Amino acid sequence: SAVISQKPSRDICQRGTSLTIQCQVDSQVTMMFWYRQQPGQSLTLIATANQGSEATYESGFVIDKFPISRPNLTFSTLTVSNMSPEDSSIYLCSVSTVGYGYTFGSGTRLTVV
Amino acid sequence: DAKTTQPPSMDCAEGRAANLPCNHSTISGNEYVYWYRQIHSQGPQYIIHGLKNNETNEMASLIITEDRKSSTLILPHATLRDTAVYYCIESNFGNEKLTFGTGTRLTIIP
C-alpha cells in the first residue's frame with residue numbers, strides 16, 4: 001500500500017493564525033482526501049483534491065477557510081485559516097490504493113488557543 | 001450521513017474471537033464493504049474489504065450475508081492491541097470518498 005507522510009504531527013497555534021498541513025505520498029495517486037476528526041468524534045470529509053483542478057468541498061466546508069493545493073500527483077497541502085478554538089481537531093489525509101482500499105496518514109493534531 | 005449501522009461498543013476477552021456486526025441494508029450492487037480500525041489518536045488502518053464473497057487475510061475474516069445487507073468482521077484471536085474503534089463502510093472502490101459512521105469501540109479485556 002501507499003506510504004503517507006503527514007507534517008506536522010501536531011501543533012499548538014494562536015487563534016487568528018493559519019496552519020498549513022503537508023501530505024506526501026510515496027507513489028502517484030489520482031485523488032487525495034482530507035478529513036477532520038473533532039475530539040471524540042468520527043472522521044468527516046473536508047474535501048477531495050485532484051491534481052490540476054480545484055478541490056471539491058463537502059457541505060459545511062469552504063475554500064476560504066480550508067484552501068487546498070495539489071501541485072502534483074504525490075503531494076497536497078491543507079491550510080486551516082483564521083483559526084479559532086473550534087478548529088482544534090485531528091486532520092488526516094488519505095489516498096486510494098489498488099488492492100488496499102484507502103490509506104491514511106498518521107494525522108496532524110491541532111490545538112488552537 | 002453514514003449508510004451503515006454498528007453497535008457503539010463491545011467487549012471481548014483476550015484470546016477469544018471478536019465478532020463485530022454491521023448492517024448495510026441499502027448497499028448497492030457495486031459497492032464494497034470496507035472495514036477500518038482506528039487505534040487511539042492514529043490514522044485509520046485498513047483491515048479488509050469484500051463485495052459478496054467471504055474474505056480472509058492475515059488480520060481478519062469478513063463474512064457477508066447472501067443478501068449483502070449485513071456483514072461480520074471476525075478477529076480470530078483478539079489481543080490487547082486490537083482495542084480500537086472499528087468502522088464498517090460502504091464504498092465503490094477507487095476514487096470515491098469514504099463516509100465514516102460512529103463505528104464500534106471494541107475493548108479487549110485481559
Side-chain angles (χ1 to χ4, degrees), chain A residues 1-7 9-10 21 23 25 28-51 53 55-61 70 73 88-111, chain B residues 1-9 20 22 24 27 30-51 53 55-60 62 64 71 73 84-107:
Chain A
S1 63
V3 176
I4 297 175
S5 174
Q6 193 172 331
K7 296 179 181 179
S9 59
R10 60 177 61 228
I21 302 167
C23 183
V25 190
Q28 294 185 341
V29 294
T30 303
M31 299 174 81
M32 297 176 75
F33 307 89
W34 287 98
Y35 289 83
R36 180 178 73 180
Q37 187 171 31
Q38 295 176 300
Q41 303 297 312
S42 184
L43 284 77
T44 301
L45 181 67
I46 297 172
T48 302
N50 300 317
Q51 193 269 332
S53 63
T56 303
Y57 289 82
E58 297 299 304
S59 176
F61 297 96
R70 182 80 200 275
L73 292 174
S88 297
S89 296
I90 299 173
Y91 293 85
L92 302 111
C93 68
S94 174
V95 302
S96 62
T97 308
V98 175
Y100 288 89
Y102 298 78
T103 303
F104 287 80
S106 55
T108 296
R109 181 180 293 274
L110 170 63
T111 302
Chain B
D1 292 342
K3 297 179 286 185
T4 62
T5 56
Q6 300 176 252
S9 64
L20 291 89
C22 178
H24 32 80
I27 193 168
N30 58 352
E31 286 186 315
Y32 288 76
V33 178
Y34 284 85
W35 283 85
Y36 284 80
R37 72 180 182 185
Q38 188 175 26
I39 297 171
H40 181 65
S41 297
Q42 299 180 19
Q45 176 190 22
Y46 167 82
I47 301 173
I48 198 167
H49 73 282
L51 184 62
N53 297 322
E55 302 287 346
T56 296
N57 63 20
E58 65 278 5
M59 290 182 67
L62 174 61
I64 304 174
S71 61
L73 177 74
V85 178
Y86 288 75
Y87 297 99
C88 166
I89 304 167
E90 301 172 13
S91 180
N92 291 302
F93 178 77
N95 296 323
E96 182 180 283
K97 62 187 180 184
L98 294 180
T99 300
F100 284 79
T102 54
T104 295
R105 181 174 297 278
L106 175 67
T107 302

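Nothing here was measured: the structure is a model prediction, and the numbers come from that model. Each chain gets a letter, A, B and so on, in the order the sequences are listed, and its residues count up from 1.
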Select one option (side chain, backbone, both, neither) describing which atoms of A/Gln6 are under 4.5 Å from chain B's heavy atoms. neither
Mind checking what makes salt bridge (charged side-chain N to carboxylate O under 4.0 Å, His left out) contact with B/Glu55, not counting sequence neighbours? none
Which atoms of B/Gln38 approach chain A - backbone, side chain, both or neither, heavy atom under 4.5 Å: side chain
B/Pro44 backbone acceptor or donor facing A/Tyr102 side chain under 3.5 Å: no
If you round to the nearest 0.5 Å, how far is CG of B/Leu98 from CG of A/Leu45? 8.5 Å
Under a 4.5 Å cut-off applied to non-hydrogen side-chain atoms, are B/Tyr87 and A/Leu43 in contact? yes
Ring centroid separation A/Phe104 to B/Phe100 under 6.0 Å: yes
Residue selection (most heavy-atom pairs with chain B, distance under 4.5 Å) from A/Cys93, A/Ser42, A/Ser106: A/Ser42
Could I get the full list of side-chain hydrogen bond (donor to acceptor under 3.5 Å, both in side chains) partners for B/Glu90, not counting sequence neighbours? none
